[in-house]
Amino acid sequence: MTRGLARSTARRPSSSRTAGVVALTLLALSALTGCGDDEVQVRPYDVSAAGRQQCAALIDALPETVSGKKVRAVSGPAYAAAWGDPAIILRCGVGKPEGFDKFSACQRADGIDWFVPEEVFEDQSADVLMTTVGRSPAVDVLVPARYRPTLGPMIDLAPALKAHTTATTPCR
């Protein structure tokens with residue numbers, strides 16, 4: 001099987017509102033990491049009852065390293081994990097990403113579809129909040145700009161995601 005990143009050719013109209021929402025989301029999420037603390041602080045979020053068991057299994061199956069960064073302790077939700085400093089943060093059981101609709105482009109890496117907001121896809125200096133598409137429960141991963149491009153985390157997380165989330169409808 002070849003590993004790689006394929007962009008859908010589908011385009012959706014961009015808007016300054018979407019760009020603003022993405023920027024605010026990334027800013028809020030980037031504030032979640034502790035500055036050099038041993039534990040990464042992740043704000044609590046709701047996980048559906050249906051997703052809790054799969055999320056717990058996913059967290060247990062995650063790799064010790066992502067993009068060459070070692071796992072770190074997380075304080076906060078039970079369904080979150082982190083690697084490196086600044087932290088790459090994974091959250092399991094999240095909702096539909098802001099700005100995602102039927103016109104959104106997706107990236108596929110090692111059999112997992114991801115939504116990466118178009119506004120940050122090509123800006124290698126921006127942090128990226130990428131979210132699985134067509135998987136239940138959904139997972140998002142905050143990748144600090146320092147670790148871009150995002151292909152490393154996508155590939156490293158794919159085996160656990162395939163084993164512990166359910167494929168639903170693939171992104172078009």
Side-chain angles (χ1 to χ4, degrees), residues 5 7 18-48 51 54-56 58-100 104-110 112-161 164-165 171:
L5 180 67
R7 281 201 66 171
T18 301
V21 169
V22 169
L24 288 174
T25 301
L26 291 173
L27 180 61
L29 286 174
S30 66
L32 298 178
T33 60
C35 298
D37 295 337
D38 290 334
E39 288 188 337
V40 176
Q41 303 290 320
V42 178
R43 290 187 185 148
Y45 61 97
D46 292 327
V47 177
S48 72
Q54 281 181 286
C55 285
L58 173 65
I59 296 300
D60 288 343
L62 290 171
E64 290 292 315
T65 61
V66 169
S67 286
K69 309 302 174 205
K70 292 183 181 181
V71 71
R72 292 183 58 194
V74 171
S75 117
Y79 310 114
W83 300 264
D85 186 10
I88 296 169
I89 301 173
L90 176 144
R91 299 182 315 152
C92 181
V94 299
K96 178 179 159 186
E98 224 17 82
F100 181 78
S104 298
C106 293
Q107 291 70 49
R108 178 168 285 177
D110 204 11
I112 302 291
D113 289 336
W114 295 91
F115 169 68
V116 176
E118 192 169 327
E119 293 81 10
V120 298
F121 186 82
E122 299 197 21
D123 180 0
Q124 296 296 306
S125 67
D127 294 345
V128 176
L129 180 63
M130 56 189 194
T131 307
T132 59
V133 176
R135 306 225 47 105
S136 179
V139 171
D140 69 20
V141 179
L142 175 67
V143 180
R146 178 186 295 182
Y147 306 135
R148 301 245 352 231
T150 58
L151 187 57
M154 289 175 171
I155 298 297
D156 292 345
L157 295 170
L161 290 169
H164 298 287
T165 62
C171 191

Asks: Write down the atom of Pro137, the atom of Thr165, and the distance for their closest heavy-atom approach.
Replies: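 The answer is O-CG2, 3.6 Å.
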Asks: For residues 60-68, please give each side-chain donor-acceptor pair under 3.5 Å, one per line with the distance, not counting sequence neighbours.
Replies:
none

Asks: Please name all residues satisfying side-chain hydrogen bond (donor to acceptor under 3.5 Å, both in side chains) with Arg148, sequence neighbours left out, ordered by chain then number.
Replies: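 Partners of Arg148 by the side-chain hydrogen bond (donor to acceptor under 3.5 Å, both in side chains) criterion come out as none, since no residue qualifies.
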Asks: So among Ile89, Asp85, Ile88, which one has a side-chain contact (heavy atoms from CB on, under 4.5 Å) with Val40?
Replies: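 Considering Ile89, Asp85, Ile88, a side-chain contact (heavy atoms from CB on, under 4.5 Å) with Val40 is found only for Ile89.
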Asks: Check Leu161 against Arg135 and note the closest heavy-atom contact, atom names and distance.
Replies: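 Shortest heavy-atom contact: O-NH2, 3.6 Å.
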Asks: Closest approach of Gly99 and Ser104, non-hydrogen atoms and distance?
Replies: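 So the minimum-distance heavy-atom pair works out to O-OG, 3.5 Å.
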Asks: At their closest point, which heavy atom of Tyr45 faces which heavy atom of Val47, and how far apart are they?
Replies: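 Taking Tyr45 first and Val47 second, the nearest heavy atoms are CE1-CG2, 3.4 Å.
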Asks: So, Tyr147 side chain and Asp127 main chain: donor-acceptor pair closer than 3.5 Å or not?
Replies: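 Side chain of Tyr147 to backbone of Asp127, a donor-acceptor pair under 3.5 Å: no, none is there.
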Asks: Got a second to check how far Met130's CE is from Met154's CE, nearest 0.5 Å?
Replies: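 Answer for the CE-CE pair, Met130 versus Met154, is 4.5 Å.
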Asks: Who are the side chain to side chain contact (heavy atoms under 4.5 Å, CB included) partners of Ser136, not counting sequence neighbours?
Replies: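 Testing Ser136 for side chain to side chain contact (heavy atoms under 4.5 Å, CB included), a comparison that skips the adjacent residues, returns Thr168.
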Asks: Return the minimal non-hydrogen interatomic distance between Ala87 and Pro144, and the atom names on each side.
Replies: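 The pair with the smallest heavy-atom distance is O-CG, 3.3 Å.
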Asks: Do Thr132 and Trp114 make a side-chain contact, defined as non-hydrogen atoms from C-beta onward lying under 4.5 Å apart?
Replies: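 Result yes, sub-4.5 Å side-chain heavy-atom pair found.
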Asks: Going from SG on Cys92 to CD on Gln54, what distance comes out if it is rounded to the nearest 0.5 angstrom?
Replies: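 Between Cys92 SG and Gln54 CD, I get 7.5 Å after rounding to 0.5 Å.
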Asks: State whether the side chain of Asp113 and the backbone N or O of Gly134 hold a donor-acceptor pair below 3.5 Å, judged by distance alone.
Replies: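 The answer is no, because no donor-acceptor pair under 3.5 Å joins these two groups.
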Asks: Could you pull out the closest heavy-atom pair between Trp83 and Leu157, with the gap in Å?
Replies: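 Minimum heavy-atom separation between Trp83 and Leu157: CH2-CD2, 3.9 Å.
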Asks: Mind checking side chain to side chain contact (heavy atoms under 4.5 Å, CB included) for Pro97 and listing every partner two or more places apart, or none if nothing turns up?
Replies: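 Pro97: side chain to side chain contact (heavy atoms under 4.5 Å, CB included) contacts with Phe100, Phe115, Thr131.
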Asks: Whether the side chain of Arg91 engages the backbone of Ala80 through a donor-acceptor N/O pair (distance < 3.5 Å, no angle test) should be reported.
Replies: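 No.
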Asks: Measuring from atom CG of Leu142 to atom OG1 of Thr150, what distance do you get when rounded to the nearest 0.5 angstrom?
Replies: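 Separation between the atoms: 11.5 Å.
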